[in-house]
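Heads up, the thing below is written out as structure tokens.
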Amino acid sequence: MQTLIEQVAQGARLDECRAQSALFRLLARTLEYEVDEAFLSHLRNDLLEALAEAGAELPEDMLSGPSDALFEKLAVEYTALFVQPGAISPYASVFETGSMFQEQCDRAARWYQENGFVFKHRYSGEFPDHVGTMLSFVAALFEREAQALEAGEEGNAEEIRQSRERFLIEELGSWAPGWAKLAAQAAQHPFYERMLGLVERVLWDELTQVVPPRRMRELTEKNSRGPTVIKKDPGFRKASGL
Amino acid sequence: MNKHFPMSRRGFLKLGGSTAAVASALGASRLEAMEQELGGKDFSPVTGKLREAVPYTCLVCNIEDGGIAYVEDGRIVKLEGNPDHPGNRGKLCAKGNSGFLHTYDPDRIMTPLLRTGKRGEGKWKRISYDEATTMLAAKLREVIDRSVKANDPAIRNEIVFKWGRNRTGGAIQRLMGAMGSSAMVGHTNICESSKKIGLEPSWGPDIESADFQNTKYALIFGGNVTETAYFHNPNAQRLVDGVVGNKAKLVYFDPRHANTAKIADEWFAPYPGTDGAVALAMANVIMNEKLYDDAFIRTWTNVTPEQLTAHLKSYTPEFAEAESGIAAKDIRRIAREFATTKPATTFSYRGPCKHVYGSYQEAAIHMLNVITGNVEKKGGYCLPRGMGYGQPGPKPAGGKAASILGAPPTYPLAGHQVSTHMPYQLMKGDAKCSVLMTYYDNGAYTYPSSHVWEALLKDEKLIPFYCSFSPYMSENAELADLIIPDTTYLERWDPESMPSDLRPWLGIRQPVIKPLGNTQEWRMTAIQVAAKLDPDGSLGIKQYLNFKDGEEWVRAQFDGIPGLKEDGGFDYLKKNGVWPKYGKIDPVTGQIVDKNGDEVPADYGLHMKELSAAAMEGTTVEANGAIKKGGKTVGVRINGKNHAGFGTGSGKIEIYKEGWKKYGFNPMPVYKRLPSRDKKADELVLITFKVNVHTQSRTASVKYLAELYHKNPAWINPKTAAAKGIADGDLIRVTSTVGYIVTRAHVTEGIHPDVVAISTACGHNSYGRLAQLKMKEKPADYMLGGDADIDNNVWWDDKGVHPNPIIKLSVDPIGGSQGWYDTVVTVSKAQPTDKYGDVKASVEASMKDYEETLRLAYTGDLHKANHKEVDIDWAHLPELKAGGGH
């Protein structure tokens with residue numbers, strides 16, 4: 001029998017899990033695919049204020065007006081940032097080894113599989129260690145934790161929490177915030193610049209919650225890796241290979 | 001003294017010392033070094049698990065070595081040579097070993113990209129393969145519909161396909177043939193086409209198989225065998241076998257001291273473009289001193305020794321010395337050695353043939369083997385052995401209208417096209433292009449005056465739609481409208497055969513892993529495009545590409561190969577990679593041996609083989625002995641015997657080429673002094689060269705290779721440098737009539753004083769992070785585990801400077817080959833405002849070069865002046881006819 005305090009705490013944790021799940025889902029959606037009509041509509045309406053409050057205010061050109069040109073502009077920016085040669089490759093394998101589809105990819109796929117997920121690509125050239133997919137996995141674990149809490153399965157919820165934290169530390173903690181910082185610096189559209197900034201802050205915030213201070217120093221150092229030169233000119237971006 | 005043992009450490013050591021003397025007699029331990037295994041299997045160093053081994057055929061360069069890919073968890077972790085492969089005999093070169101990095105290159109294009117900004121602006125959006133193939137099909141359909149509506153097949157030639165390294169086994173030609181377009185432009189004229197044209201009319205095939213392994217004397221002209229030349233890895237092994245194992249003498253001619261010079265007994269640096277004069281002078285000596293093989297010349301060629309002696313009269317060693325700078329006494333001595341040492345062989349590659357009139361030079365070198373009777377002898381100069389594989393039926397008839405693009409009728413003998421002329425033809429309005437497709441092609445980097453290709457591809461009027469199939473963002477791909485990326489060679493199907501050994505073989509290229517990230521090989525793209533272009537089959541296109549996938553297509557290509565089916569057919573090739581299996585590699589000698597340990601011999605004297613009665617059925621024998629069937633020569637009758645002969649019209653070696661004379665060229669091998677030979681004293685001849693760890697243009701982004709070689713300073717002789725006030729490492733400006741580049745000097749004795757040499761493979765403006773070097777990886781210490789060797793992985797900050805923009809377009813009017821080594825330049829210390837890597841090149845100047853080189857063609861005004869000795873009716877040369885080349 002839970003005490004009232006325990007019930008309140010569990011309720012707060014449930015709310016937090018739900019909120020975190022939604023937040024990570026938003027960040028994942030931003031990184032996994034280009035902005036489409038449905039996503040833009042959410043950004044313009046349901047999320048407008050919350051984004052602004054979180055420091056990722058929706059840029060002027062996304063607030064209103066015809067969408068086709070905007071989608072095109074954002075798709076081009078998305079491709080330049082995350083897809084084409086010279087992109088800030090969103091794959092853990094590339095960040096850690098300089099090559100695509102390495103062990104990091106297997107590890108991510110194993111995590112998904114062990115938790116009952118299958119990685120499915122929409123376009124060619126997508127791998128399980130895509131940062132957006134990894135964030136969506138964190139979102140899914142938050143959601144499962146919430147469901148377990150709701151069902152009163154405290155032990156199960158605890159297991160999921162530990163799993164999520166381990167995934168966050170082991171698979172994202174050493175590179176993803178640093179990657180997001182670099183990507184934000186290279187972004188040439190404020191939407192991606194701000195959302196990537198948000199990714200960095202959210203990840204650091206979450207890591208701070210789960211990582212002991214001594215380990216945080218190591219993670220900070222690891223995340224400071226990256227190219228010493230980043231220029232915003234198109235010639236640099238063309239195939240700079242960040 | 002140890003309390004547990006009554007013996008001191010010293011005592012132990014004494015026992016050890018005594019045992020050492022008899023250790024080998026104690027017998028083998030159960031432990032054996034892994035390296036003692038021959039290869040063919042590999043284990044994970046972490047789990048010890050046997051790795052999956054998948055045979056494949058390499059395609060980093062074009063020699064097509066056999067390899068085995070080791071796969072762990074669906075990932076290629078290692079490549080090594082296939083020990084069953086007769087060509088490379090279990091060994092891969094550095095490029096081949098690094099090949100899997102192409103697959104996992106972080107700058108690989110993994111999804112179709114559609115251009116959204118201006119051409120070359122770098123703005124793309126990703127689309128699916130389905131969307132991309134639909135788009136390309138619509139563009140092609142527009143041209144075909146116009147052709148149907150106007151009932152004009154020539155309109156289909158507006159569909160243009162330009163390729164570089166095409167090892168699809170005829171798949172591209174099949175697609176183009178199905179669409180009815182003849183506008184296919186290969187790349188061979190920037191490769192070695194004048195070598196091919198020097199050889200084909202002489203004896204049939206386009207290259208020689210020099211039997212280095214069994215030779216006693218090798219004479220190599222401009223072919224850096226140990227590093228790069230044709231059959232690189234296989235020939236390098238065999239040359240070392242010959243020089244070291246068989247104690248052969250090696251004499252090497254190259255203006256640059258390449259690595260082959262290092263293993264040579266003698267190295268000579270001729271003036272560029274004068275190898276032919278040296279070869280002719282050697283032939284002169286051999287003929288005059290009666291060192292020739294009288295019987296062979298009389299029996300197997302279309303000339304007599306007397307005719308040859310008369311023809312060669314003016315090519316004295318003294319003449320050759322004046323042209324080449326090689327001392328007449330050395331020419332005489334080497335000629336005598338070559339003619340009297342048996343067996344002997346020459347080998348030549350781009351050095352002699354990549355000049356205006358390079359075909360003559362190649363023919364002259366070939367002749368040395370003929371007059372000394374070394375043709376088809378063990379240790380001699382042999383015909384190449386390959387195996388054929390066709391396209392499956394039904395086969396498309398091909399385009400009904402000839403295309404002049406890349407095959408100008410002004411070059412009727414250039415059987416391997418004149419692809420360098422394509423942009424000029426389009427710019428001048430001589431041909432039209434509506435849809436351009438490119439495969440393994442990067443003209444904006446690899447061609448002479450490469451800036452002209454860039455200008456062409458940027459011009460949306462001349463090239464309204466450009467689709468690249470490149471998996472890398474090359475200089476060309478950057479200018480495409482649509483990129484539908486192919487896979488890398490380790491993820492696709494192709495049939496292969498290459499005469500890299502005297503024992504012929506057939507190989508397979510198969511996906512060693514599934515195409516990475518669901519990318520798709522070009523064959524699938526072609527199949528899908530054809531299905532969308534002709535959905536109901538009414539255009540008659542779809543039927544020719546009605547394959548389920550690449551595997552089914554290639555399987556059909558291997559069906560019907562005599563003998564293969566009996567050994568297991570296509571599945572045998574999938575399992576073994578190469579067919580047939582001649583034997584096993586001897587781990588000590590590296591040779592392929594049979595069960596008894598004896599080397600599996602090659603077959604020699606192919607021209608002597610007698611035709612069977614069945615083969616003679618339906619043949620006729622002409623007065624000159626040529627045995628004809630269906631209009632083709634299938635053999636030659638000599639002294640009443642029907643021999644296979646050579647692949648010429650007469651069945652004999654045709655030193656005298658009637659076909660050349662018809663167009664006003666000299667039918668005999670001659671030497672033509674080039675304008676570069678008459679350069680001013682302070683000018684230099686610019687030559688380029690390939691290095692052993694890179695291809696011309698596709699490997700600058702491969703980590704292992706980029707680390708080994710990434711900058712290409714200009715080689716310049718110390719005397720020349722001193723005269724110009726240039727010191728090693730100085731910033732210099734190299735200027736031709738096309739423009740200039742700013743690079744650095746590498747002052748070395750290893751280069752002719754009149755020559756400046758700059759390698760290819762460097763100085764990319766595209767092709768990924770390592771090729772461009774716009775950033776440098778700098779991993780943190782924790783990643784490195786304290787290993788200083790890999791600290792700061794990319795430690796270099798120099799990507800080199802590419803010489804192609806300032807190299808003049810200049811084409812051999814016979815073979816159609818680019819004269820890569822005919823550009824005259826000035827070299828000076830850089831000017832105060834010059835920066836390393838500056839490149840300035842003029843399209844206008846290159847257009848003038850185009851007009852100038854056309855003057856040398858058989859229709860040009862300089863042709864007769866350069867061939868006064870040819871006795872023909874100059875007023876009635878054959879008329880222009882489109883559709884040459886193959």
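A note on names: the letters A, B, ... follow the listed sequences, proteins ahead of strands, and every chain is numbered from 1.
- Chain A forms the most heavy-atom pairs under 4.5 Å with one residue out of B/Q520, B/R126, B/R108, and that residue is B/R126.
- When all heavy atoms are compared, the tightest approach of A/T79 to B/W124 is CB-O, 3.3 Å.
- In this structure, chain B has heavy atoms under 4.5 Å from both the backbone and the side chain of A/Y33.
- Not a single donor-acceptor pair under 3.5 Å links the side chain of A/E72 to the backbone N or O of B/K125.
- Looking at A/F101, both its backbone and its side chain come within 4.5 Å of chain B, counting heavy atoms on both sides.
- In summary, A/E103 and B/R75 do not engage in a salt bridge, as defined by a charged side-chain N under 4.0 Å from a carboxylate O.
- No more than 12 heavy atoms of other residues, nucleotides or ligands sit less than 6.0 Å from atom CD of A/E37.
- Remark: A/E57 CD is loosely packed, at most 12 non-hydrogen atoms of other residues, nucleotides or ligands lying under 6.0 Å away.
- For A/S99 against B/L101, the heavy-atom pair with the smallest separation is OG-CD2, 4.4 Å.
- A 6.0 Å sphere centred on NZ of B/K532 holds more than 12 heavy atoms belonging to other residues, nucleotides or ligands.
- Of the two parts of A/Y91, neither the backbone nor the side chain holds a non-hydrogen atom closer than 4.5 Å to a non-hydrogen atom of chain B.
- The distance from the OG1 atom of A/T97 to the NZ atom of B/K703 is 6.0 Å, given to the nearest 0.5 Å.
- Enclosure of atom NZ in B/K123 is not indicated, since only 12 or fewer non-hydrogen atoms of other residues, nucleotides or ligands lie within 6.0 angstrom.
- The stretch residues 110-118 of chain B places B/M110, B/T111, B/P112, B/L113, B/T116 near chain A, each with some heavy atom under 4.5 Å from a heavy atom of that chain.
- The local environment of CD in A/Q113 is sparse, with at most 12 non-hydrogen atoms from other residues, nucleotides or ligands closer than 6.0 Å.
- Taking both residues in full, the closest heavy atoms of A/S124 and B/N518 are given as CB-O, 3.3 Å, listed atom of the first, atom of the second, then distance.
- B/D107 CG to A/M100 CE: the interatomic distance, rounded to the nearest 0.5 Å, is 8.5 Å.
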